[in-house]
Amino acid sequence: MDADVSESADPPGDSDGPGAGRKDGSAAGRNSEGPGADGGGAGTDDGGPVADPEAPRGRHWPRWAALGAALVVLAAAGVGSWLYRKLDANIKTDTSAAAELRVYERERPATVVRDAENILLIGSDTRAGDNGAYGRDDGGSQRSDTTILLHLAADRESVTAISLPRDLMVEIPVCHRPGGAATKKQFAQFNWAYQFGGTACTIRTVEKLTGIRIDHQMVVDFNGFKDMVDAVGGVEVCLKKPVDDPDARLKLPAGRQNLDGEQALGYVRARKSIGNGSDTERMDRQQQFLGALVNKVQSDGVLLNPTRLYPVLDAATKSLTTDPGLDSLADLYDLVRELRDVPTDGVQFLTVPRQPYGPDPNRDELIQPDAKRLFDRLRADAPVTVVPTDQIERDDRKNLNGDNRKNSGKNNASADTPGAASPNPTPTYSGNNAAVDPCRR
């Protein structure tokens, strides 16, 4: 940015003669063929100067105008440079996770499709620092409140976001705590991985679960999410019933509502006061909200308007902790630029196919082979189809012909199952699309 300015705003008087480059082309700034080419101004026949008491003042004003213009350009560039450095400095880098992942590089999945990218988004539920307003700080321990695997297609025509339930029972590998002590390999609920070994342990758990290599990660905290919503002027949601939840600091009437940051945080985190109280319903609500946020940013032209984009970037960068490959504003800008032209209906949200865990119905387990089929397709950058849950429920009711698939209408695959009446080469999953207005579903 600074280099561009230095090329276009040379200091006054930097050329060969006094006053060179004046915009009015007067006196010394002209070429040598005219009178006064010696730099002394217009002369008489005998070479003597003509008395002109007003000439010095008239010749100097273009110089001051040029100086003023140069200062304005330099000042604007300075502000731009300062803003860039400020946003860039907001981003925190997790070097310890990168070091931990390098130790286990041989165990990690290989990249299958070049240019496709998989980014793990982690919403941390730590109560440390400013986040203490949302609950008790129990000594700095934290678990992942929300985890989303974001798959960017190689052609950048689609983005698929898959929610991983925090209560999903998974194999957590040997990980290292911040102090260096190793944990044991164990079968436990998914969000414990973040508590045991932070981001690196969560990434390795996801990679072992899915067989998909994670290229980058972003950890977002509560306040950052709240500020991002405020920066775009709020996000619209549709409530079927009024909400009154003191724990979530949320009290709203039914119908279409424009939520500010504080309300949005309560809305996506509430579990007992909205819907049936299940984590399934909560994740579905989070997906709808993220879809509405994407739609708001794209439809309002935020990405194309620097004045509106800066507050969003400021809020986002303040909340982010990333790997070294995404820890600069330039890296994030390149990512946003790639995603800017993805059509809204190409942004899909779904939850990994799962069902209540047998020994403990308060936990979840994967539904197979549906989950493996989903992971295989994402690893190969193959498309999946996402449709609203209520549409799958309607289709299931119409298709009561002996199909015993494990699809209760929650979040399971509903096509290309062996033996299905109408096999589909592209499996269909229940979920949400950023282009769908939840009030019209």
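Arg379 contributes a side-chain N or O that, together with a main-chain N or O of Thr210, makes up a donor-acceptor pair within less than 3.5 Å. Between the side chain of Asp245 and the backbone N or O of Leu250 there is no donor-acceptor pair closer than 3.5 Å. The closest donor-acceptor contact from the side chain of Arg156 to the backbone of Leu339 lies at 3.5 Å or more, if one exists at all. Of the possible donor and acceptor atoms, none in the side chain of Arg285 sits under 3.5 Å from a partner among the backbone N and O of Arg269. Counting only distance, with no hydrogens or angles, the side chain of Lys241 and the backbone of Ala254 share no donor-acceptor pair below 3.5 Å. Side chain of Gln195 to main chain of Ala193: no donor-acceptor pair is present (N/O by atom type, distance under 3.5 Å, no hydrogens or angles).
Ion pairing between a basic and an acidic side chain is recognised when a charged N comes within 4.0 Å of a carboxylate O; Arg85 and Asp88 show no such pairing. Electrostatic pairing of Asp314 and Lys318 counts as a salt bridge here, judged by a charged N lying under 4.0 Å from a carboxylate O. Under a 4.0 Å N-O distance rule, the pair Glu262/Arg249 qualifies as a salt bridge. A salt bridge is defined here as a Lys NZ or Arg NE, NH1 or NH2 lying under 4.0 Å from an Asp or Glu carboxylate O, and Arg373 with Asp376 fails to meet this definition. The existence of a salt bridge linking Arg213 and Glu105 is confirmed by a sub-4.0 Å separation between a basic side-chain nitrogen and an acidic carboxylate oxygen.
Atom NE2 of His151 is separated from atom CZ of Phe375 by 13.0 Å, given to the nearest 0.5 angstrom. Note: Lys372 NZ to Leu209 CG = 12.5 Å, rounded to the nearest 0.5 Å. Taking CG of Asp284 as the reference point, atom OG1 of Thr351 lies at 7.0 Å (rounded to 0.5 Å). With values rounded to the nearest 0.5 angstrom, Ile122 atom CD1 is found 13.0 Å from Asp221 atom CG. The CG atom of Asp244 sits 5.0 Å away from atom NZ of Lys251, with the distance rounded to the nearest 0.5 Å. Atoms OG1 and CZ, from Thr205 and Phe196 in turn, are 9.5 Å apart once rounded to the nearest 0.5 Å.
Checking Asn191 against Gln189 by side-chain atom types alone, a donor-acceptor pair falls below 3.5 Å. Side-chain N/O atoms of Asn432 and Gln287 include a donor and acceptor closer than 3.5 Å. When only modelled atom types and interatomic distance are considered, Glu365 and Gln355 share a side-chain donor-acceptor pair under 3.5 Å.
Scanning both residues, Ile214 and Val206, for their nearest heavy atoms gives CD1-CG1, 4.1 Å. Here the closest non-hydrogen pair linking Ala154 and Arg114 is CB-O, 3.8 Å. The minimum heavy-atom distance between Leu101 and Ala200, with the atom names listed, is CD2-O, 4.0 Å. Listed here is the closest heavy atom pair of Pro361 and Pro356: O-CB, 4.0 Å. Annotation for Leu313 and Leu87: closest pair C-CD2, 3.8 Å, computed over non-hydrogen atoms.
With a 4.5 Å cut-off on side-chain heavy atoms, Val235 and Leu259 do not count as touching. Between Tyr310 and Lys86 the shortest side-chain heavy-atom distance falls below 4.5 Å. Inter-residue side-chain proximity for Leu120 and Thr202 is flagged as met; some heavy-atom pair is nearer than 4.5 Å. Val352 places a side-chain heavy atom less than 4.5 Å from the side chain of Pro165. Leu239 is not listed as a side-chain neighbour of Pro253, based on a closest heavy-atom distance of 4.5 Å or more. Proximity of Thr199 to Val219: side-chain heavy atoms (C-beta onward) are separated by under 4.5 Å at one or more points. In this structure, the side chains of Val170 and Phe187 stay at 4.5 Å or more apart for every pair of heavy atoms. Side-chain contact check for Thr183 versus Arg177: some heavy-atom pair is nearer than 4.5 Å.
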Can you list the steps and then say if Asn118 with Leu152 is a side-chain contact (heavy atoms from CB on, under 4.5 Å)? CA-CA 6 Å; Asn118 298 292; Leu152 284 56; over 6 Å; no
- Trace of the salt bridge (charged side-chain N to carboxylate O under 4.0 Å, His left out) decision for Arg256 with Glu236: CA-CA 7 Å; Arg256 188 182 293 272; Glu236 279 194 346; 2.9 Å; yes
- Message: Working note: Glu338 + Glu117, criterion side-chain contact (heavy atoms from CB on, under 4.5 Å); need CA distance, chi angles, decisive distance, verdict.
- Response: CA-CA 11 Å; Glu338 289 179 0; Glu117 283 193 284; 4.0 Å; yes
Exercise for the section: Show your reasoning for whether side-chain contact (heavy atoms from CB on, under 4.5 Å) applies to Val386 and Phe349. Expected result: CA-CA 7 Å; Val386 174; Phe349 301 87; over 6 Å; no
Tell me which donor-acceptor pairs under 3.5 Å the side chains of residues 321-329 have, and how far apart each pair is, sequence neighbours excluded?
{"unit_1": "Thr322", "atom_1": "OG1", "unit_2": "Leu326", "atom_2": "O", "d": "3.2"}
{"unit_1": "Thr322", "atom_1": "OG1", "unit_2": "Asp327", "atom_2": "N", "d": "3.4"}
{"unit_1": "Asp323", "atom_1": "OD1", "unit_2": "His216", "atom_2": "ND1", "d": "3.4"}
{"unit_1": "Asp323", "atom_1": "OD1", "unit_2": "Gln217", "atom_2": "N", "d": "3.0"}
{"unit_1": "Asp323", "atom_1": "OD2", "unit_2": "His216", "atom_2": "ND1", "d": "3.0"}
{"unit_1": "Asp323", "atom_1": "OD2", "unit_2": "Gly325", "atom_2": "N", "d": "2.8"}
{"unit_1": "Asp327", "atom_1": "OD2", "unit_2": "Thr93", "atom_2": "OG1", "d": "2.9"}
{"unit_1": "Ser328", "atom_1": "OG", "unit_2": "Asp331", "atom_2": "N", "d": "3.1"}
{"unit_1": "Ser328", "atom_1": "OG", "unit_2": "Asp331", "atom_2": "OD2", "d": "2.8"}

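A salt bridge (Lys or Arg N to Asp or Glu O under 4.0 Å) check over residues 189-211, counting only residues at least two apart or in different chains, returns the pairs Glu107-Arg204, Glu107-Lys208, Arg108-Glu207.
For Lys92, the NZ atom counts as densely surrounded, since its 6.0 Å shell holds more than 12 non-hydrogen atoms of other residues, nucleotides or ligands.
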